[in-house]
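Report on the structure given below.
Keep in mind the model is a prediction, meaning the values are calculated, not measured. Atoms within a ligand are numbered from 1 in the order they appear, just like the ligands themselves.
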Amino acid sequence: MVVLAGTPAVDHIPLLRSPDPGDNFSGMPVVDLSRPGAPRAIADACERFGFFKLVNHGVALDAMDRLESEAVRFFSLPQADKDRSGPAYPFGYGSKRIGLNGDMGWLEYLLLAVDSASLPAASAVPSCALFRAALNEYIAAVRKVAVRVMEAMAEGLGIAQADALSAMVAAEGSDQVFRVNHYPPCHALQGLGCSATGFGEHTDPQLISVLRSNGTSGLQIALQSGHWVSVPSDRDAFFVNVGDSLQVLTNRRFKSVKHRVVANSLKSRVSMIYFGGPALTQRIAPLPQLLREGEQSLYKDFTWGEYKKAAYNSRLGDNRLAHFHR
Ligand code: GA4
């Protein structure tokens, strides 16, 4: 870990080379969800990158903006007020510490459980009624998008049963998580040719992640060659990631994408991400409809509950699926 002398605020935060504007992801797949060709385009993007940008998704920009401004209001509260919504585990407000095993990033966040299509009525965080209303409206809408995208994935893969994948997140008892991240500007590193790591490189353990951010870039993905590229921000679009569990369900036809966030030295980044996971008891194994004649599963059988437990015991950058390879 690199520590810069004289900049205590960024102590313990790993540093990254500042993104080079030339490293923008020029070949980023953009899928128009309102077009008939969307299912094939989605499957193609998931096979090549495990990642794509989604436009014409049908979610009102108002709902996105309402949640963004409520989030900005929450993150501008005095630290002591925000800490009252903590700790982050199992759910709540967290700052700089990610997970329980020593990972650190230049961010603060809210990690929230999703019960069916909204925040659990019993959870007290966040306490502000307007913020909760904005979250519930947005979560219901983004979850519908995740279901539509998963239906399109099944169609693009040539699976006859439309809900073969989407039913796993739509089902009662599915394990869904929502997080709102705030990456404050990291002024201390301005002009030094390096940036603070906002969220270190990792793959998402779930099936699907649907992200929306404000106009500040910072998200980077690793191409299959291992080369990192920056994803230009677009506040009107969603960015969709394939998670580890979907990689297994497709026997590695779809790739779980490695990604990270680099903090900006001047501007705040706010992102909100829906993570669609299945029920804890769901068996995660390649769908039989996808296995070709004689093709074997690349993975040992496991349940989402087993995988999740292993994931939460790991470090962010670990290759979590490696333990489950045959
Ligand atoms: C990555 C995807 C989601 O943000 C998350 C993260 C979780 C956390 O922040 O607590 C984890 C990370 C994520 C994977 C490995 C473990 C667990 C931090 C960490 C070190 C909420 C999730 O489900 O897995």
Side-chain angles (χ1 to χ4, degrees), residues 1 12-14 50-51 71 85-115 119-120 123 125 135 139 142-143 146 168-169 173-183 197-213 218-222 231 238-248 255-263 269-280 282 284 302-324:
M1 182 176 305
H12 310 298
I13 307 284
F51 180 85
S85 293
Y89 295 94
F91 296 107
Y93 171 80
S95 173
K96 296 204 177 87
R97 291 175 198 287
I98 300 170
L100 300 166
N101 301 308
D103 290 290
M104 304 281 280
W106 188 258
L107 86 163
E108 55 180 345
Y109 59 90
L110 277 168
L111 198 54
L112 304 166
V114 174
D115 200 1
L119 300 175
S123 87
V125 173
L135 278 160
I139 289 170
V142 74
R143 181 176 181 269
M168 294 188 199
V169 295
S174 64
D175 186 24
Q176 309 162 88
V177 180
F178 192 72
R179 85 181 292 155
V180 187
N181 292 326
H182 172 224
Y183 302 91
T197 301
F199 209 110
E201 66 175 75
H202 66 285
T203 58
D204 294 339
Q206 292 83 358
L207 299 160
I208 189 171
S209 316
V210 183
L211 174 145
R212 190 268 177 174
S213 68
L219 177 64
Q220 301 185 339
I221 67 160
V231 176
F238 287 123
F239 293 91
V240 179
N241 281 2
V242 171
D244 295 343
S245 300
L246 188 53
Q247 173 169 312
V248 175
K255 313 294 183 315
S256 164
V257 64
K258 212 189 266 183
H259 55 289
R260 65 187 183 192
V261 175
V262 179
R269 173 178 164 91
V270 177
S271 61
M272 34 230 210
I273 312 144
Y274 165 86
F275 298 96
L280 292 175
Q282 173 70 48
I284 307 292
F302 55 89
T303 63
W304 166 242
E306 287 162 345
Y307 192 65
K308 185 178 179 181
K309 190 166 170 222
Y312 276 75
N313 282 325
S314 67
R315 293 292 300 260
L316 196 54
D318 287 350
N319 179 352
R320 282 173 277 282
L321 273 181
H323 302 288
F324 295 88

Point to revise | side-chain contact (heavy atoms from CB on, under 4.5 Å) between Asp204 and His259, intermediate numbers included | key: CA-CA 9 Å; Asp204 294 339; His259 55 289; 3.3 Å; yes
Counting only N and O atoms by type, is there a donor-acceptor contact under 3.5 Å from the side chain of [X] to the main-chain atoms of [Y]?
| X | Y | value |
| --- | --- | --- |
| Tyr89 | Gly99 | yes |
| Arg269 | Ala263 | no |
| Thr197 | Ile13 | no |
| Ser245 | Leu207 | no |
| Asn101 | Ser314 | yes |

Point to revise | For atom 3 (C) of ligand 1, the protein heavy atom that lies nearest, with its residue and separation | key: Phe275 CZ, 3.4 Å
Review point. What's the shortest distance from atom 4 (O) of ligand 1 to any protein heavy atom, and which residue and atom give it?
Key: Arg179 NH1, 2.9 Å
Which of the atoms in ligand 1, numbered in the order shown and given with their element, are less than 4.0 Å from a heavy-atom of [X]?
| X | result |
| --- | --- |
| Ser314 | 15 (C), 20 (C) |
| Tyr89 | 8 (C), 9 (O), 10 (O) |
| Ala311 | 15 (C), 16 (C) |
| Leu316 | 12 (C), 20 (C) |

Practice item. Ignoring angles and geometry beyond distance, decide whether Asp204 reaches within less than 3.5 Å of ligand 1 through its nitrogen or oxygen atoms. Key: no
Check your understanding: Could an N or O of ligand 1 be found under 3.5 Å from any N or O of Thr203, whether backbone or side chain?
Key ->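 In this structure, Thr203 places no N or O atom under 3.5 Å from an N or O of ligand 1.
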Quick one: does ligand 1 sit under 4.0 Å from the side chain of [X], the backbone, both or neither, non-hydrogen atoms only?
| X | result |
| --- | --- |
| His202 | side chain |
| Ala88 | neither |
| Leu111 | side chain |

Review point. Is there a protein heavy atom at a distance of less than 4.0 Å from atom 20 (C) of ligand 1?
Key: yes
Review point. So Phe324 and Tyr307, would you call those rings parallel, tilted or perpendicular, with 30° and 60° as cut-offs?
Key: perpendicular
Review point. For atom 22 (C) of ligand 1, which candidate among Tyr109, Phe199, Tyr312 provides the closest heavy atom?
Key: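 The option holding the nearest heavy atom is Tyr312.
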Practice item. Can you figure out which of Pro205, Gly317, Ala310, Ser209 has its heavy atom closest to atom 13 (C) of ligand 1? Key: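 Result: the heavy atom closest to atom 13 (C) of ligand 1 is in Pro205.
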**Study point:** Candidate pair Phe275 and Gln176, rule side-chain contact (heavy atoms from CB on, under 4.5 Å), full reasoning
**Key:** CA-CA 6 Å; Phe275 298 96; Gln176 309 162 88; over 6 Å; no
Review point. When rounded to the nearest 0.5 angstrom, what is the spacing between CZ in Arg320 and CG in Asp244?
Key: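 Reported to 0.5 Å precision, the distance equals 6.5 Å.
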Check your understanding: How long is the span from the CD1 atom in Ile139 to the CG atom in Leu119, to the nearest 0.5 Å?
Key ->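 That separation rounds to 4.5 Å.
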Check your understanding: Does Gln206 come within less than 4.0 Å of ligand 1, judged by its heavy atoms?
Key ->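 Gln206: in contact with ligand 1 (<4.0 Å).
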